[in-house]
Structure formats: structure tokens, C-alpha cells
There are 2 protein chains.
Amino acid sequence: MSDSTLPEHIADQLRRDILRGKLPPDTTIKERDNAAELGVSRTPMREAIRILAKEGLVVLRPSRSPVVAQPTVKEVHDQVVVLLALEKLSAQIACHEATEADLDELDSLSQQIAEAYDTADALDLFEIDMAFHRKIAEAAHNAALADTHRSYLARLWRARFLSATMRRNRERVVSHHSAIMTALRDRDPVAVEVALDQHLGNLAEDIVAAMEADNAARKAEAEAPEGTKQKGQT
Amino acid sequence: MSDSTLPEHIADQLRRDILRGKLPPDTTIKERDNAAELGVSRTPMREAIRILAKEGLVVLRPSRSPVVAQPTVKEVHDQVVVLLALEKLSAQIACHEATEADLDELDSLSQQIAEAYDTADALDLFEIDMAFHRKIAEAAHNAALADTHRSYLARLWRARFLSATMRRNRERVVSHHSAIMTALRDRDPVAVEVALDQHLGNLAEDIVAAMEADNAARKAEAEAPEGTKQKGQT
DNA sequence: ATGATGTTTTTGGTATACCAAAAATCGTTG
DNA sequence: CAACGATTTTTGGTATACCAAAAACATCAT
């Protein structure tokens, strides 16, 4: 994923910090300070910020410091709807476009998830799961579709991560994945749509629940800071 | 559409030039020269180029001048597939989310097209048509969906324009639009899907035909250039 | 004390200068 | 004459300097 260009590196760095919660929502990203902190100039930092803005992770305000985006529940829900639609479309197209190699790779990924489910670290597991879904999009052999799907997957990283760590359910995930796989193997567009609806249909509400829990936790923490509440951050 | 920021203005300018064919595919966009030409500095020009790159209108190459993208027929076709899917999704959601005001606006746009079809300039007409389809996406009240849809609409501007100017068919367009409208008024997701399939289903092949014709024309011209080609590229 | 207003400071927007990598050109040599 | 290589030139990448708008702050008048 890491491009070799400096702004991409910076963007990757910031993205990680944002998605992992190190930079909580509403944190200002001052291009001067952040650039200095990373030992780079404002120009590439600026470009990196634009990349993240395009991804929806930070919001730009005219003549004001960009801030880490705080997506509302509705916004995330809306994005999940689009992600689901894109993935369903991908899977349908994949029914007549996927190569055997694609299906084998999907099998492999699905198997990896099943094997690693109990042993692996949640983060690693999550990466494999993302790879599985990304691969479905790629199996349609439609570059635009895969691109847009990947973009949504990335944008929803944090929300999906929250949801996934909250309710891990091995049986559900594994059986859903295998249902998707058999439908793809059968190249049956209807079955694949059903399977995906099943698997991702609850994703929206899971994510909503996870976000609300997270918001509540964050709010509680904000209201009871340890000791003195100094104004002014940094 | 015009944002008030300088890079956006530059991007708009370049986008027009590219989409209208003033900057044909494979033209290099040298940030120094182009910036000087517009009387701005390299920094905003650079940013503008990145915007267009994100939209797929120009391709960036490491340590090389960006060039105007020359999308292959397959690439455009793939994009049309996604656009169609997004618009169908929008319309389906709009069936239970659209307000009366949304529907009225759609009516108005659809009417404008019918009225202006024979009198208006093809470009104006096309703008209205784009507004109609964009409004469908907006009627779903899903910001992410509308955004992505708009991005595809913009990206396919040139291809759709080629296709539209090539085969103008008043009856077809008008009746299709009214079919879409009635389906939306009835808030009937199935009917709206049928109507959109009808309207946009042939779009893919229309565009393919138009692009092939355009490519042939361009190729013929390139093989018989009129006289001197000055200090150009390639 | 409070609100308005002027000043200072912060910060993003833009221009420009400098650098390094990659082409293209030209000269040299086998 | 061709092919290889050094040099020059082109061009994007990066750093920095300057500017303007907006927010924060302080001061003054009511």
C-alpha cells in the first residue's frame, strides 16, 4: 500500500494515527506544526492532508486548520450502504468474470480467517478480512469498481474495526464467508447477493451500535478528565 | 460548482479544456509552463493537477510530467457500469427518502430538457441532463452516495458528451425521463430500476461506439497532420 | 464589569528558490 | 557510422519566505 512518495508516506502515517484513535476526532492538524514534527516541509504535509481530506478522514475549512473528521452515525451508515452495494455489484460481476485463480485466492483467504480466528491478534485478523472483501471487488475485473470499493473500505476502517472487535463471532463470520464462496463457485448471482446481504446486512447496525458505544465512552472520558481541566490543547 | 479557492478554479479550467478536447489525450501538463500561462504559481497548479488526477482525468507518473489520460474503451465501460449501479441504488433509496420538493425539482428539470431539446445548444442541454441525474442521486439523501455518483458523472463527462451529441433522440430521452419520474412518484423501487435500466442500459454500448468513432477520427487526424507541429511533445 | 474595537498572533494560501532524478543531446571513440 | 557515455536541460519534488485573513487577546470607553 505504501507508495514511495513522501506525501503518501505522510498520509499513511497520519491515517494510521487517525484510524487507530491516536488522533481523536476534532483534533486540529496544523500543517506547520505537524510538518515540523515529522521533519518535513509544509508542502508535502499539505499534500498529505489533501489526500486524507479526499478520503474523508479530515475536513478542510477555508482559512482554518483542518480537523480530524468526526463522522456522524448517519454518515457512516450511508457509507456502509454504498459499500454494500459496491460489493454486491462486484460479486455479481465476479460470477461471470472471476478466474479460477481469483476463486482459489478467495478460498485461501477465507481459510486463513477460519484458521486464525481464535489465535491471531484482532488487528491481523481484520487485515485478512479486509483482504477477503477487497479480493471480491477485484474479482470483478473492473478497475473503477475495485478502486471505489477500496476507498470505501479504507474510509470505514475505523468503524468496521470498532464493530469487529466488539462482537466477534467466529461461527457467523466463517459460515457467511463460506456461503459467499460457494455462491461464487457456482457463479450464481442471486445466491451471492443473498449471501452478501446476509453477511453485510447487519454490518450497518453493528457499526451503528459500536459507534454509539464508542461515542459514549469518549464523551464520558471528556466529561471526567483526570484532575485539572486546562483549556487549550497542546 | 466553482469553489472559491484558486486551485479549484485552475482545476475547473483544466477540466473544461480536457473534457472539451482542447487538451487531447497524452498532452503533457507541465506544471511550470501551465502555471506561467495562467499567471499563477506552481503550488496551486500542482494542487489542481492532483485534483484532476484523483478524478482520473490526468495520470501522474513518478518524476515525469502528468499527461491527459486516454481512457481505454474498457475503462470507460467499467465506469459506466459503476455509474449505473450507483444511480440505480440512489433511485431505489430515493423511493422512500425523496421529499416532495425533490420530486418537484426533478419534474422541473425533466421538463426543461423536454422544452429545450430542440432549441438549446447541445452543451446546455447536456448540463441540464447531468443536473437531472445528479438530482436523482441527491434525492436519496445519502451524502456519500451522491458524492461518489457525482464524481463518476464528472469523470464520464467527455464520453457521455460524445455519445449524446452523436445520437440525439428526443423521444427516447424524454419518454425515458418521464418513466423514471412516474416510478419515483409512485415510489416503486422495481419500476424505477426497470426505467433506469432502460434509460442507461444502452448508455454503455452507445459510449463504446462513440469512443471508437472518436478514436478513429483522432487517429486519422494524427496520421495526416496539417503541416508543422511546433516545439511540441511526442 | 462588559462590550466593542484595535492590535497581535496564528495559520493557511501563494510565490519562489533550490535540488535531484531522468531525458535528451552531443561528443567521443571503437 | 554506430554505440556508448558525459553533460546539459528539463521537470517534478521539496523547502522556505512572504502575504492575507481570521481568531485570540488586550485595551479602552461606557
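Remember, predicted model here, so these are calculated numbers, not experimental data. In the text below, chain A, chain B and the rest are named by the order of the sequence lines, each starting its count at 1.
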Pairs of donor and acceptor atoms involving the side chains of residues 153-160 of chain A, under 3.5 Å and at least two apart or interchain, shall be tabulated with distances.
| from | atom 1 | to | atom 2 | distance (Å) |
| --- | --- | --- | --- | --- |
| Arg155(A) | NE | Glu55(A) | O | 3.3 |
| Arg158(A) | NH1 | Leu19(A) | O | 2.9 |

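- Met211(A) and Pro71(A) get closest at one heavy-atom pair: CE-O, 3.5 Å.
- Residues satisfying the ring pair (Phe, Tyr, Trp, His ring centres under 6.0 Å) test with His199(B), not counting sequence neighbours, are His133(B), His176(B), His177(B).
- In this structure, Ser65(A) does not reach the dT11(C) phosphate: none of its side-chain N or O atoms is under 4.0 Å from OP1 or OP2.
- When the C1' atom of dA22(C) is taken as reference, atom CG of Leu60(B) falls 17 Å away, rounded to whole Å.
- Rounded to a whole Å, the CD1 atom of Ile29(A) is 10 Å from the P atom of dG12(C).
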So which protein N/O to nucleotides 13-20 of chain C N/O distances come out below 3.5 Å?
| from | atom 1 | to | atom 2 | distance (Å) |
| --- | --- | --- | --- | --- |
| dG13(C) | OP2 | Arg46(A) | NH1 | 2.5 |
| dG13(C) | OP2 | Arg46(A) | NH2 | 3.1 |
| dG13(C) | OP2 | Arg50(A) | NH2 | 2.8 |
| dG13(C) | N7 | Arg42(A) | NH2 | 2.9 |
| dG13(C) | O6 | Arg42(A) | NH1 | 2.9 |
| dA15(C) | OP2 | Ser41(B) | N | 2.8 |
| dA15(C) | N7 | Thr43(B) | OG1 | 2.9 |
| dT16(C) | O4 | Thr43(B) | OG1 | 3.4 |

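- Contact between Pro25(A) and Ala69(A) at its shortest, heavy atoms only, is CB-O, 3.8 Å.
- Judged by distance alone, the side chains of His77(A) and Asn142(B) never bring a donor and an acceptor atom under 3.5 Å apart.
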